[in-house]
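Below is one structure, written out as C-alpha cells; the observations come after it.
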Amino acid sequence: MDSHDKQTTKNRHFGQAMQHALSGVWNVFSRERNMRYHGTAAVIAVAAGFWLKISEQEWLWIIFAIFFVFLSEFANTVAESLTDLIVKGQYHPLAKRVKDVSAGSVLISALFAIIVGAIIFVPKLFRL
Ligand SMILES: Nc1ncnc2c1ncn2[C@@H]1O[C@H](COP(=O)(O)OP(=O)(O)OP(=O)(O)O)[C@@H](O)[C@H]1O
C-alpha cells in the first residue's frame, strides 16, 4: 500500500481516519484486476435492476450480494498483502494455503452473487 506521509501513529481525528479508509477503498479498486470485474458486474446488476424494475426485497438481495463480494475481495487483498509482507517473496506452503483459501472465499462469494442474480433476473428475462 502507498503511504505518502509515512504515518505510523494513530489517526488524529475522524476526517484523517476517513481519508485513509477511502484511500484503502481506492487502492483495492485501482490495483486489483478482479475488483474491477466485480465492479463491472455490480454496475450491470444495478442497471438490470432498474431496467427490470425489481422489488424492494430483490434490491436488498442484490445490494447484499454486491457488498458481500466486495468485502470478500477486500479481505483477500488484506490476506495477500500480509502474506507477501511476511514471506517477502519466499515460497512457503502456508503462504500458498492462505492465498488459495482466501481466493476460494472470493470464488464462493461470487458464486453466491451469481445464484442471487439468476434467481432474481432469469425469470424476469423470460417474461419479457
Ligand atoms: N509466497 C508464496 N508461497 C507459496 N505459494 C505462493 C506464494 N505466493 C503466491 N503463491 C501461489 O501463487 C498463487 C498466485 O499468487 P498471487 O499472489 O498472484 O495470488 P492471486 O490470488 O492470484 O492474486 P490476485 O487476487 O491479485 O489475482 C497463489 O494462489 C498461491 O497458490
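What you are looking at is a predicted structure, and each value in this text was computed from that prediction instead of being measured. First listed ligand is number 1; within each ligand, the first listed atom is number 1.
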Proximal atoms of ligand 1 relative to [X] (non-hydrogen, under 4.0 Å):
| X | value |
| --- | --- |
| Y91 | 3 (N), 4 (C), 5 (N) |
| H92 | 3 (N), 4 (C) |
| A95 | 1 (N), 2 (C), 3 (N) |

[X] atom [atom1]: more than 12 heavy-atom contacts under 6.0 Å:
| X | atom1 | answer |
| --- | --- | --- |
| W26 | CH2 | no |
| R97 | CZ | no |
| Y91 | OH | yes |

Closest to [atom] (judged by heavy-atom distance), picking from [options]:
| atom | options | answer |
| --- | --- | --- |
| atom 26 (O) of ligand 1 | E32, R31, M35 | E32 |
| atom 8 (N) of ligand 1 | R97, E80, K96, K99 | K99 |
| atom 28 (C) of ligand 1 | D100, T77, V87 | D100 |

Part of N76 within contact of ligand 1 (heavy atoms, under 4.0 Å): side chain
Region of Q90 engaging ligand 1 - heavy atom pairs below 4.0 Å: backbone
Ring-ring centroid check F67 F74, cutoff 6.0 Å: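 Not under 6.0 Å, so no.
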is_close_aromatic(W59, F50), centroid dist under 6.0 Å: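 Centroid separation for W59 and F50: below 6.0 Å.
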Flag [atom] as yes if some protein heavy-atom distance to it falls below 4.0 Å, otherwise no.
| atom | value |
| --- | --- |
| atom 2 (C) of ligand 1 | yes |
| atom 11 (C) of ligand 1 | no |
| atom 18 (O) of ligand 1 | no |

Identity and separation of the nearest protein heavy atom to atom 27 (O) of ligand 1: N34 ND2, 4.0 Å
Stepwise side chain to side chain contact (heavy atoms under 4.5 Å, CB included) test for W61 and I66: CA-CA 9 Å; W61 277 103; I66 288 171; over 6 Å; no
Electrostatic pair K124:E58 at N-O distance under 4.0 angstrom: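 Yes, K124 and E58 are salt-bridged.
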Chi angles and distances behind the ring pair (Phe, Tyr, Trp, His ring centres under 6.0 Å) call for F121, F126: CA-CA 9 Å; F121 294 127; F126 274 111; over 10 Å; no
Ligand 1 to D84 polar contact by distance, N or O atoms, under 3.5 Å: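 D84 vs ligand 1: no N/O contact under 3.5 Å.
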4.5 Å side-chain heavy-atom contact, E32 and E80: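 Yes, side chains in contact.
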